[in-house]
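Report on the following structure.
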Amino acid sequence: HPELLDFLAVDFVEHGWDVKRLMRQIVTSATYRQTSRLTPELLRRDPDNRLLARGPRFRLQAEFIRDNALGAAGLLVDKIGGPSVKPYQPPGIWEEVSLERIQFVQDHGDKLYRRGMYTYWRRSSTAPSLTMFDAPSREKCTLRRSRTNTPLQALVTLNDPQFVEAARVLAERAMREGGKTPQEQIAYAMRLATGVRPRSAAVALLSEGYEDDLGVLRREPSRALKLLAIGESPRDKNLDPAVHAAMTLAASAILNLDETLTRP
């Protein structure tokens, strides 16, 4: 929009080239903050969204997906600055690409939960969980990241230790803070992950899955304990393992929802 760009440019100069102010002005504007929901009236007036009648809807970037899961669980460390960190990675990930057989040494404690932008980056062996969501290798400048959708991405968010641990801690948080019934706890977990109140149909479907999983885990308690052992953060051992594990599976499903992984 040429006139809008002219206005922003002049306003930017008149306010002392204040980049922070310009960014705040853009991201707090009505256009930037509008929903992606499409009404019949908007479809008639702007079918191709050329006039920005609605907000764009797209999958979050790799680091944001990880940070959102950790944030919903209450694990995210929001400290600014400091050295890079080495969160969970598959064993032996550096060995095949290192002439000196340099070993990847995982960090521990709070370093596991730093924001994704602080993840140590080895260009010859990038972090698989971030690469799967189109994080660039950084071997060359990337002006715009591609966005792909493949089944492999679901394998990351369902099985990567970082996401399984986030689901476990999110479940624990929901059981502590979300209410007394599984339905209330699931609804609370969905609000933490997506930022919106869930539809009753979605809560009912997740609750049904929770009850099915709970039955299996009560019959096979070893499976519950194995699931709850993933991740270094300590779990609340006062919680019934079968109930906690069943809620963890519900939380994992929530972290894999389209509403969680995309910008609404």
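Predicted model only: the values in this text are computed from it and were never measured.
- For E3, the CD atom sits in a loose shell: 12 or fewer heavy atoms of surrounding residues, nucleotides or ligands are nearer than 6.0 Å.
- Contact annotation: the side chain of Q25 approaches that of L8 to within less than 4.5 Å [non-hydrogen atoms, C-beta and beyond].
- Annotation: R199, atom CZ; neighbour count of heavy atoms from other residues, nucleotides and ligands within 6.0 Å does not exceed 12.
- Both L152 and V156 belong to a single network of hydrophobic side chains, linked directly or stepwise wherever heavy atoms of I, L, V, M, F, W or Y lie under 4.5 Å apart.
- A donor-acceptor pair under 3.5 Å links the side-chain atoms of Y118 to the main chain of G81, judged by distance alone.
- V105 and W121 fall into different hydrophobic clusters, where Ile, Leu, Val, Met, Phe, Trp and Tyr are joined by side-chain heavy atoms under 4.5 Å apart, directly or via other members.
- To the nearest 0.5 angstrom, R115 atom CZ is 7.5 Å from L76 atom CG.
- Applying the side chain to side chain donor-acceptor pair (under 3.5 Å) test to S252 and every residue at least two apart in sequence or in another chain returns nothing.
- To the nearest 0.5 angstrom, N49 atom CG is 8.5 Å from L38 atom CG.
- R57 and D258 are joined by a salt bridge, as a carboxylate oxygen and a charged side-chain nitrogen come within less than 4.0 angstrom of each other.
- A donor-acceptor pair is defined here as one N or O able to donate and one able to accept, closer than 3.5 Å; such a pair exists between the side chain of D67 and the backbone of G116.
- Looking at residues two or more places apart in sequence or on another chain, you find a side-chain contact (heavy atoms from CB on, under 4.5 Å) between L239 and E172, M175, R235, D236, H244.
- In this structure, the side chain of T157 does not engage the main chain of N256 through any donor-acceptor pair within 3.5 Å.
- E259 places no side-chain N or O within donor-acceptor distance of the main-chain N or O of M190, the cut-off being under 3.5 Å.
- Ring planes of W17 and F12: perpendicular class, angle over 60° (limits at 30 and 60°).
- By the rule that hydrophobic residues join a cluster once side-chain heavy atoms approach within less than 4.5 Å of another member, F133 and L155 end up as members of one cluster.
- Nearest approach of L206 to A253, heavy atoms of both residues: CD2-CB, 3.8 Å.
- In this structure, L52 and D46 approach most closely via the heavy-atom pair N-OD2, 3.3 Å.
- Within 6.0 Å of CZ on F104 lie more than 12 heavy atoms contributed by other residues, nucleotides or ligands.
- Side-chain atoms of R138 do not come within 3.5 Å of backbone N or O of R123 as any donor-acceptor pair.
- Using modelled atom types, one side-chain atom of D107 and one backbone atom of K86 make a donor-acceptor pair closer than 3.5 Å.
- In summary, the side chains of Y210 and Q185 do not present any donor paired with an acceptor at a separation below 3.5 Å, with no hydrogens or angles considered.
- The backbone N or O of A204 lies less than 3.5 Å from no partner atom in the side chain of Q183, so there is not a single donor-acceptor pair.
- Of all heavy-atom pairs between G231 and Y88, the closest is CA-OH, 3.5 Å.
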Exercise for the section: For T119 and E63, run side-chain contact (heavy atoms from CB on, under 4.5 Å): C-alpha distance rounded to whole Å, both residues' side-chain angles, the deciding distance at 0.1 Å, then the answer. Expected result: CA-CA 9 Å; T119 298; E63 295 87 348; over 6 Å; no
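- No side-chain heavy atom of Q162 sits less than 4.5 Å from a side-chain heavy atom of S129.
- Distance CE/M117 to OG/S84: 9.5 Å, rounded to 0.5 Å.
- Atom-to-atom distance recorded for R114:CZ and I80:CD1 is 9.5 Å, nearest 0.5 angstrom.
- Y32 pairs by the ring-ring contact (aromatic ring centres under 6.0 Å, His included) definition with nothing, not counting sequence neighbours.
- A salt bridge is defined here as a Lys NZ or Arg NE, NH1 or NH2 lying under 4.0 Å from an Asp or Glu carboxylate O, and D240 with R218 meets this definition.
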Handout entry: Criterion salt bridge (Lys or Arg N to Asp or Glu O under 4.0 Å) on D11 and R21, from CA distance to verdict
Key = CA-CA 10 Å; D11 186 73; R21 179 186 177 279; 2.7 Å; yes
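- In plain terms, the two heavy atoms of E177 and Y188 that are nearest each other are OE1-OH, 2.6 Å.
- No side-chain heavy atom of R37 sits under 4.5 Å from any side-chain heavy atom of R54.
- Under the 4.5 Å side-chain heavy-atom criterion for ILVMFWY residues, no single connected hydrophobic cluster contains both L60 and I254.
- Counting only heavy atoms from C-beta outward, the side chains of E232 and Q106 approach each other to under 4.5 Å.
- Side-chain contact between I186 and M247 is present, with at least one heavy-atom pair separated by less than 4.5 Å.
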Handout entry: side-chain contact (heavy atoms from CB on, under 4.5 Å) evaluation trace for Q153 with T148
Key = CA-CA 9 Å; Q153 294 166 348; T148 61; 3.6 Å; yes
Handout entry: Trace of the salt bridge (Lys or Arg N to Asp or Glu O under 4.0 Å) decision for D134 with R59
Key = CA-CA 11 Å; D134 305 308; R59 199 205 68 224; 3.2 Å; yes
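- Closest approach of A245 to L227, counting heavy atoms only: O-CD2, 3.7 Å.
- N68 places no side-chain N or O within donor-acceptor distance of the main-chain N or O of L261, the cut-off being under 3.5 Å.
- Judged purely by distance below 3.5 Å, without hydrogens or angles, the side chains of E165 and Y113 pair a donor atom with an acceptor atom.
- The pair D160-R66 fails the salt-bridge criterion, with no side-chain N (NZ, NE, NH1 or NH2) lying under 4.0 Å from an Asp/Glu carboxylate O.
- Distance CH2/W94 to CZ/R122: 5.5 Å, rounded to 0.5 Å.
- Of all heavy-atom pairs spanning P136 and R145, the tightest one is CD-NE, 3.3 Å.
- Each of V196 and I65 belongs to its own hydrophobic cluster when Ile, Leu, Val, Met, Phe, Trp and Tyr are linked at side-chain heavy-atom distances under 4.5 angstrom.
- A distance of 9.5 Å separates CG of N149 from OG1 of T262, quoted to the nearest 0.5 Å.
- Under 3.5 Å, the side chains of S233 and R168 contain a donor-acceptor pair of N or O atoms.
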